[in-house]
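What follows is a set of notes on a single structure, which appears directly below.
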Amino acid sequence: MLLLMAFSGPSFLHPSSASRLNPLLFTKHRRSFALSRFRFRRLHQRQLAVAASANGVFTSPEIAKTFDFASEERIYKWWESQGYFRPHYDQDTVPFVISMPPPNVTGSLHMGHAMFVTLEDIMVRYNRMKGRPTLWLPGTDHAGIATQLVVERMLASEGIKRVELGRDEFTKRVWEWKEKYGGTITNQIKRLGASCDWTKEHFTLDDQLSRAVIEAFVRLHERGLIYQGSYMVNWSPNLQTAVSDLEVEYSEESGTLYHIKYRVAGGSSDYLTVATTRPETLFGDVAIAVNPQDDRYSKYVGMTAIVPMTYGRHVPIISDKNVDKDFGTGVLKISPGHDHNDYLLARKLGLPILNVMNKDGTLNKVAGLYCGLDRFEARKKLWTDLEEMGLAVKKEAHTLRVPRSQRGGEIIEPLVSKQWFVTMEPLAEKALRAVEKGELTIIPERFEKIYNHWLSNIKDWCISRQLWWGHRIPVWYIVGKNPEEDYIVARNADEALEQAQKKYGKDVEIYQDPDVLDTWFSSALWPFSTLGWPDETAEDFKRFYPTTMLETGHDILFFWVARMVMMGIEFTGTVPFSYIYLHGLIRDSQGRKMSKTLGNVIDPLDTIKEFGTDALRFTLALGTAGQDLNLSTERLTSNKAFTNKLWNAGKFILQNLPTQNDSQSWDSILSFEFEKDDCLLKLPLPECWIVSELHSLIDVVTISYDKFFFGDVGRDVYNFFWGDFADWYIEASKARLYQSGGDSVALAQAVLLYVFKNILKLLHPFMPFVTEELWQALPNRKEALIISHWPQISLPRQASAVKKFENLKLLTKAIRNARAEYSVEPAKRISASIVASEEVNQYISGEKEVLALLTRLDLRNVRFANSPPGNVDQSVHLVAGEGLEAYLPLADMIDISAEVQRLSKRLTKMKMEYDGFIARLSSPSFVEKAPKDIVRGVREKAVEAKEKIALTEKRLSLLRSTAPVPDC
């Protein structure tokens, strides 16, 4: 009998199988040997365990079943205590420098923090191992609005209002809160393994950074780039301050569209119906606009309309192409004091600007009888009054895009307010040229277009905030003088007074502007203010500026990153960093944004407790630059298993090394120099293959690290470790360790140690804790893994050995698949005939012990030849690859009679299922009435069942032809 099988079917104990079995369990002779070896290992285990944990920090995998996540904090403190995070400056080496995006001092760790910490720490650890002086400079942001809000709420719980305390006392309370709670986010970032130089940690309100902020303001003002004026801003009525665009979040919410009559003036009885979502702003209307192409209203253009409830105030009816004819009635009210688009239109056309609202969200005297009412109360009352006056047409449900404060959640009010601004266009031009000239590289490249678009259409930056917590604006006014015309910009109060006295006399009195600067203003100086600027002679500034990399989320490319580029060029003459690496957002497993409302927020600290920091970091790092990452429990579970696999590999290697006092064995192990060609050429096939593959991996991974392709790094190392080293070489090495002797044992030990050490180095930037723990357990290490040298590149490799071992793998998989297909008992040893050319047989037969171990072949009955055996008709024929085949005697694999009975029962069941499918498809009522996808599914099942029946009948026919004829 001849059974032809391809090896591409289900794999028996395939490397991806969760139910791998140790080949040693199926050699009865090995069991007794393994037991005696275990007695020997007990002493060895204690010796290595003592060495690994001598300092009380590390635990050897020989005495710990799994990696204990609780040890991560001990390892981190040990690294920090040894000074490994600090840069060791070498005059001849270009340093690698990253400024950490400063998290808010009020913050607590979320997955966004975990993402940037992971990616930046990967870069830092890699470059540190490459021998570059490496500085990762940490710090926190004072977060003006967020921090003031937190402290105000705390005081409110005590029945205290901010205004009752006064500015100085309130600021004192905020500092007290900062000292007590401000370190929370820093400690949580440490928990992620961030190898920052904490001796250089900064806070944006530190004295040094505060000096830099004041200096920047003064210089910009001296250059004519800072001015004061009244413009449209995002106003927070509750916080009583302007807020940045970044601090405004838009949400789709159910609202109302109000239709209101505006009578056309001039004795006409005509009305124009305006549809608006904010009727309370009609008191600020300065025009009515229609589209010039809208024939319904063209005759009214040039006339005036009467604004309802304003005692007959007239406004012009104008035309503008930006009016949407299809929105509402096609008639738009222009309220430039309370709408960004209306404000721009009014400035373009020279229309007046009316503000109807106070800073607290109540209507002012422009609203007449509605003065003092809250904006939402006024809306309700106004609509009621319009109904009574017959000016209310209707109201209808409408979905609104509502701007809400990121901090307090209240609805933001567009409001014209006197603020301080930075003129951005001349700064933006320099930042645009930096990218154009290649001085600055943005990763991924597609964000260059977004960067260029924003800077090419930039608006002036409102930098003042009406808060008490932050950098006070360095502007002083003269008592008794117009503050818009007479003010002094100075670096401190003494300097301001001196300037005032020179201009106004010695008796002059001055007072400082009460506003503070936008938090983003100080953050824009972060890469150089943290290094000593404006003192450009500072040692850190000279050594580490400009920095190398700015890594952050793509969502703040405009609000922070671009501003740093502009300020860096303006104040230092150079771009503040060479690369911008932008990561995406982290979403849940369904691709949804994480939110408390959806209940899908994943807490990093909880994740660390369950899966470990390394698994979390590895999961986050596998994403692609600039693309959002869907985070799932399945991914975390898989990478926790990867951590365990590393641990178990380390355990296996350590348990199979000689004792440390066995100098002869260690001399043999250390004599191998795998970095040299002549050594590699002498290695047996499995060893030459795994070392060659490792050397190729080092080159590929190093290139990916240098290009910031971290996802590729993680996947390549993962696949090599699990797919090549753990599943193939470790298993193959057992033929040396347990079935050979002398030099073969030392060779396997040397290769295991060499490859594993390099794997730990390649993985360390991703998974620092488990790799350091394993590294510390290894013998003959000279330094901590965190500061060890990166593996050398361009090491020798043998392509022929790789190809040969791939053939051996294909043969192994084919035999495993056949065993699985025929349900051969795992412990059963079978015979085999390997048929190939003389050259192939030579290297395959040279590793017959490995082949037999991996496939459970009976080593005494493995035949190598260049032609098929005589019993091919009674064998399973396997085609492993071109010119490489195998024949497995069927009688060795199964009980043929029992298999015939099993398949006969299976065939009967399959025919019954098939008949059922055919019966349903033969029924007109089913075919005509059932949903099409259901009918299609039944047809597919019928075809599949028919194919299975044919295969089973063929196999039964062959088995019956081989079955022995019973005696009569």
Side-chain angles (χ1 to χ4, degrees), residues 77 80 100-110 113 137-191 194 196-214 217 236 238-244 247 405-410 463-474 491-494 511-523 525-526 529-530 603 605:
K77 289 176 182 177
E80 191 174 8
M100 175 187 287
N104 289 350
V105 70
T106 57
S108 59
L109 198 69
H110 57 66
H113 296 128
L137 203 150
T140 49
D141 194 295
H142 66 276
I145 293 177
T147 307
Q148 181 160 319
L149 190 60
V150 166
V151 177
E152 283 196 50
R153 287 173 177 168
M154 180 187 73
L155 292 173
S157 68
E158 302 171 11
I160 303 172
K161 294 183 178 179
R162 169 170 59 97
V163 292
E164 295 171 352
L165 285 177
R167 184 170 195 143
D168 291 343
E169 181 60 26
F170 176 77
T171 304
K172 179 183 175 184
R173 294 288 189 96
V174 181
W175 274 109
E176 290 173 355
W177 179 93
K178 188 265 179 185
E179 293 304 316
K180 186 173 182 180
Y181 299 106
T184 299
I185 186 68
T186 296
N187 292 329
Q188 291 173 337
I189 285 175
K190 289 182 177 182
R191 189 66 186 84
C196 309
D197 184 354
W198 294 105
T199 66
K200 296 184 184 295
E201 183 181 8
H202 284 286
F203 178 53
T204 48
L205 280 178
D206 284 349
D207 290 343
Q208 158 59 30
L209 272 64
S210 295
R211 283 194 297 272
V213 169
I214 299 304
F217 186 98
S236 171
N238 286 351
L239 296 171
Q240 295 278 289
T241 182
V243 296
S244 74
E247 292 158 337
S405 168
Q406 186 187 61
R407 303 303 176 190
E410 65 171 327
I463 57 171
S464 48
R465 297 290 181 267
Q466 290 63 53
L467 301 170
W468 286 355
W469 175 248
H471 296 99
R472 191 88 172 261
I473 289 179
R491 291 170 176 80
N492 53 59
D494 292 340
Y511 62 96
Q512 190 173 358
D513 192 307
D515 291 353
V516 299
L517 287 163
D518 180 10
T519 300
W520 293 103
F521 188 87
S522 55
S523 298
L525 314 177
W526 186 252
S529 64
T530 51
D603 186 298
L605 296 178

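For the single chain, residues carry numbers from 1 onward in sequence order. As a basis for the values below, the full set of heavy atoms in this structure was taken, side chains included, without hydrogen atoms, waters or symmetry mates.
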Is there side-chain contact between [X] and [Y], with heavy atoms separated by less than 4.5 Å?
X: Lys190; Y: Cys196; result: no
X: Gln148; Y: Val174; result: no
X: Arg491; Y: Pro474; result: no
X: Asn238; Y: Ser405; result: no

Rounded to the nearest 0.5 Å, what separates atom [atom1] in [X] from atom [atom2] in [Y]?
X: Arg465; Y: Thr241; atom1: CZ; atom2: OG1; result: 6.0 Å
X: Asp206; Y: Thr530; atom1: CG; atom2: OG1; result: 10.5 Å
X: Ser108; Y: His113; atom1: OG; atom2: NE2; result: 8.0 Å
X: Glu152; Y: Trp468; atom1: CD; atom2: CH2; result: 8.5 Å
X: Thr199; Y: Leu137; atom1: OG1; atom2: CG; result: 8.5 Å

List the atom pairs, with distances to 0.1 Å, where a side-chain N or O of residues 154-161 and a protein N or O form a donor-acceptor pair under 3.5 Å, not counting sequence neighbours.
from: Ser157; atom 1: OG; to: Met154; atom 2: O; distance (Å): 2.4

Before you tell me yes or no, could you show the steps for Thr204 and Thr519 under side-chain contact (heavy atoms from CB on, under 4.5 Å), namely the whole-Å CA-CA distance, both residues' side-chain angles and the distance that decides it to 0.1 Å? CA-CA 9 Å; Thr204 48; Thr519 300; 5.5 Å; no

With a 6.0 Å cut-off on ring centres, are Trp175 and Trp469 close enough?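 Ring centres of Trp469 and Trp175 closer than 6.0 Å.
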
For Glu176, enumerate each residue passing the salt bridge (Lys or Arg N to Asp or Glu O under 4.0 Å) test, keeping only those at least two apart in sequence or located in another chain.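 Residues passing salt bridge (Lys or Arg N to Asp or Glu O under 4.0 Å) with Glu176: none at all.
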
Looking at every non-hydrogen atom in both residues, tell me the closest pair between [X] and [Y] and how far apart they are.
X: Ser522; Y: Val213; result: CB-CG2, 3.5 Å
X: Pro138; Y: Met100; result: CA-CB, 3.9 Å
X: Glu169; Y: Leu165; result: CB-O, 3.4 Å
X: Leu209; Y: Phe203; result: CD2-O, 3.6 Å

Are the side chain of Asn104 and the backbone N or O of Thr106 linked by a donor-acceptor pair below 3.5 Å?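 Side chain of Asn104 to backbone of Thr106: no pair is present.
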
Is the side chain of Ser210 donor-acceptor paired with the backbone N or O of Leu205 at a distance under 3.5 Å, no angle test?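 The answer is yes, because a donor-acceptor pair under 3.5 Å joins these two groups.
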
Checking Thr147 against Lys178 for the side-chain contact (heavy atoms from CB on, under 4.5 Å) test, could you report, in this order, the C-alpha distance in whole Å, the side-chain angles of both residues, the deciding distance, and whether it holds? CA-CA 9 Å; Thr147 307; Lys178 188 265 179 185; 6.0 Å; no

Starting from the C-alpha separation in whole Å, work towards a yes-or-no answer on side-chain contact (heavy atoms from CB on, under 4.5 Å) for His202 and Ser529. CA-CA 10 Å; His202 284 286; Ser529 64; over 6 Å; no

Return a table of donor-acceptor pairs under 3.5 angstrom between the side chains of residues 181-188 and protein atoms on other chains or two or more places apart.
from: Thr184; atom 1: OG1; to: Tyr181; atom 2: O; distance (Å): 3.0
from: Thr186; atom 1: OG1; to: Glu201; atom 2: OE2; distance (Å): 3.2
from: Asn187; atom 1: ND2; to: Gly183; atom 2: O; distance (Å): 3.3
from: Gln188; atom 1: OE1; to: Leu109; atom 2: N; distance (Å): 2.7

Which residue is it: Asp515, Asp513, Asp518? I am looking for the one with a side chain to side chain contact (heavy atoms under 4.5 Å, CB included) to Ser464.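 Going through the options one by one, the only one that passes is Asp515.
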
